[in-house]
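Have a look at the structure below before the remarks.
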Amino acid sequence: MSKVLKLGIIGCGRVAFHHAEMLKGIDEIKLVACCDLVEDKAKSLAEKTETKAYTNYHQMLDKEGLDMVTLATPTGAHYTHTKDILNYRPIHVLLEKPMVLRIAHGLELNTLAYKKGVSIFPVYQNRFNTAVQRVKSALVAGELGDVVLGTVRVRWCRPQRYYDLAPWRGTFSMDGGAHVNQGIHYIDILRYLAGEIEEVHSLFAQLGAKLEAEDTGVSIVKFKNGGLGQIEITMAARPDDFEASVSIVGSRGLAVLGGICTNKLETFSPSPADQTRCSEEVPMAYGLSHRRVYEMLAKAIVHGGNAPVEFDDGLNTIRLLHALYRSNEEHRWVRLDEEVESKRLGESNKQLLAQYLIR
Ligand SMILES: NC(=O)c1ccc[n+]([C@@H]2O[C@H](COP(=O)([O-])OP(=O)(O)OC[C@H]3O[C@@H](n4cnc5c(N)ncnc54)[C@H](O)[C@@H]3O)[C@@H](O)[C@H]2O)c1
């Protein structure tokens with residue numbers, strides 16, 4: 001393996017441009033090519049990054065000798081695209097969130113990657129925000145004591161025009177609703193900080209726009225460590241985004257993470273001075289921590305360090321999403337160890353998926 005990883009980006013939409021920005025200045029990774037089914041989009045990112053443009057990722061894989069690709073295609077195509085890449089020309093894959101929409105698909109991809117001798121790395125960049133890391137270290141060191149309550153509260157505005165941007169948005173087969181697309185970051189942080197969840201009870205609704213899946217939901221959760229929690233997410237707040245917070249009430253103190261992507265430590269009773277010291281200004285809700293993900297990835301692949309987030313850990317957040325969906329579908333408590341999948345999230349829609357297959 002060369003010391004500088006050769007990277008390609010597949011899917012040159014909204015988040016791919018952010019990836020390109022975050023890669024600047026990382027010496028161990030060189031972006032060499034960009035691919036999108038839409039030629040103008042591939043060209044636009046390629047021009048900006050002075051790389052080559054492709055409209056067919058097989059051709060990019062054939063010609064560029066890549067070590068890794070970042071997959072930033074629509075969520076519901078992640079499974080199909082990753083499987084195809086691993087079978088066609090196995091290389092490492094950095095998989096944007098949500099990594100997959102079915103638990104079974106995640107297990108299958110991980111087994112396939114292992115057989116092919118490569119890895120799939122999930123993106124949960126907000127875990128690496130300074131504020132989140134400070135709360136994590138406080139929980140590990142006992143500064144906050146035991147988890148009493150863990151709460152997610154997202155009050156955002158996604159009007160109809162947002163769902164109308166692309167045919168995959170808000171569908172069960174390709175995207176999921178507020179919990180899966182937007183809420184996943186905060187739900188993942190809740191798990192990351194407060195620990196694994198034993199059981200959940202959810203109620204979902206569509207209250208602000210017409211989409212297939214939910215734009216609003218409330219859930220109560222019980223952590224394995226005995227603590228209790230609440231997840232309240234809506235995209236039907238108007239006229240603006242108001243709040244995205246994760247708070248932990250511990251037996252010895254309180255931590256509240258806020259800002260637009262848990263980039264601010266708003267309350268931290270063990271050491272209030274850290275509230276300012278550990279808060280970061282970010283220009284947009286994607287935050288700045290994709291850069292940290294790439295830095296950790298480079299170390300993991302080139303020098304043999306820890307993956308930013310292990311695949312199984314990332315998949316546990318998908319398991320939690322399925323438990324929340326299933327609870328809403330069946331109006332009952334769902335235990336995580338039932339390992340049940342939602343009846344709808346990640347359902348097959350060959351017609352919609354066909355729009356995203358290489359030609
Ligand atoms: N980590 C984060 O904070 C974050 C933020 C935004 C989006 N995302 C995730 O990134 C993914 C993409 O989101 P987006 O907002 O950029 O979507 P988007 O619709 O703007 O871009 C997706 C792009 O993929 C292209 N594409 C589809 N199939 C392709 C194929 N076979 N080959 C090459 N290109 C293909 C489309 O033409 C489109 O340009 C989603 O999974 C989304 O959830 C993550």
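What you are looking at is a predicted structure, and each value in this text was computed from that prediction instead of being measured. All ligand and atom numbering here is 1-based and tracks the order in the structure.
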Residue that, paired with Glu280, satisfies side chain to side chain donor-acceptor pair (under 3.5 Å) out of Asn263, Thr130, Asn129: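 Going through the options one by one, the only one that passes is Thr130.
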From Ile184, Asp36, Ile9, Val180 - option closest to atom 23 (C) of ligand 1 by heavy atom: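 It is Asp36 whose heavy atom sits nearest to atom 23 (C) of ligand 1.
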Heavy-atom contact under 4.0 Å between [X] and ligand 1?
X	answer
Cys261	no
Ala72	yes
His18	no
His78	yes
Cys35	yes

[atom]: the protein heavy-atom neighbour that sits closest, reported with distance to 0.1 Å:
atom	answer
atom 31 (N) of ligand 1	Tyr356 O, 2.7 Å
atom 10 (O) of ligand 1	Val15 CG1, 3.4 Å
atom 17 (O) of ligand 1	Trp168 CZ2, 3.5 Å

Per-atom contacts of ligand 1 with Pro98, taking only distances under 4.0 Å to non-hydrogen atoms: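 Counting from 1, the qualifying ligand atoms are 43 (O).
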Distance-only donor-acceptor check, side chains Glu28 and His303, under 3.5 Å: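 Side-chain D/A pair, Glu28 to His303: present.
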Give the table of side-chain donor-acceptor pairs shorter than 3.5 Å for residues 351-359, with sequence neighbours excluded, one pair per line with atom names and distance.
residue : atom : partner : partner atom : Å
Arg359  : NH2  : Gln355  : O            : 2.9

Partners meeting side chain to side chain donor-acceptor pair (under 3.5 Å) with Tyr124 (sequence neighbours left out): none
Please check whether [X] reaches ligand 1 - meaning an N/O of the residue sits under 3.5 Å from an N/O of the ligand, judged on distance alone.
X	value
Asn181	no
His185	yes
Tyr57	no

Short N-O contact, Arg252 and Glu143, less than 4.0 angstrom: no
Aromatic ring proximity Phe204/His179, centre distance under 6.0 Å: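 Judged by ring-centre distance (under 6.0 Å), Phe204 and His179 do meet the cut-off.
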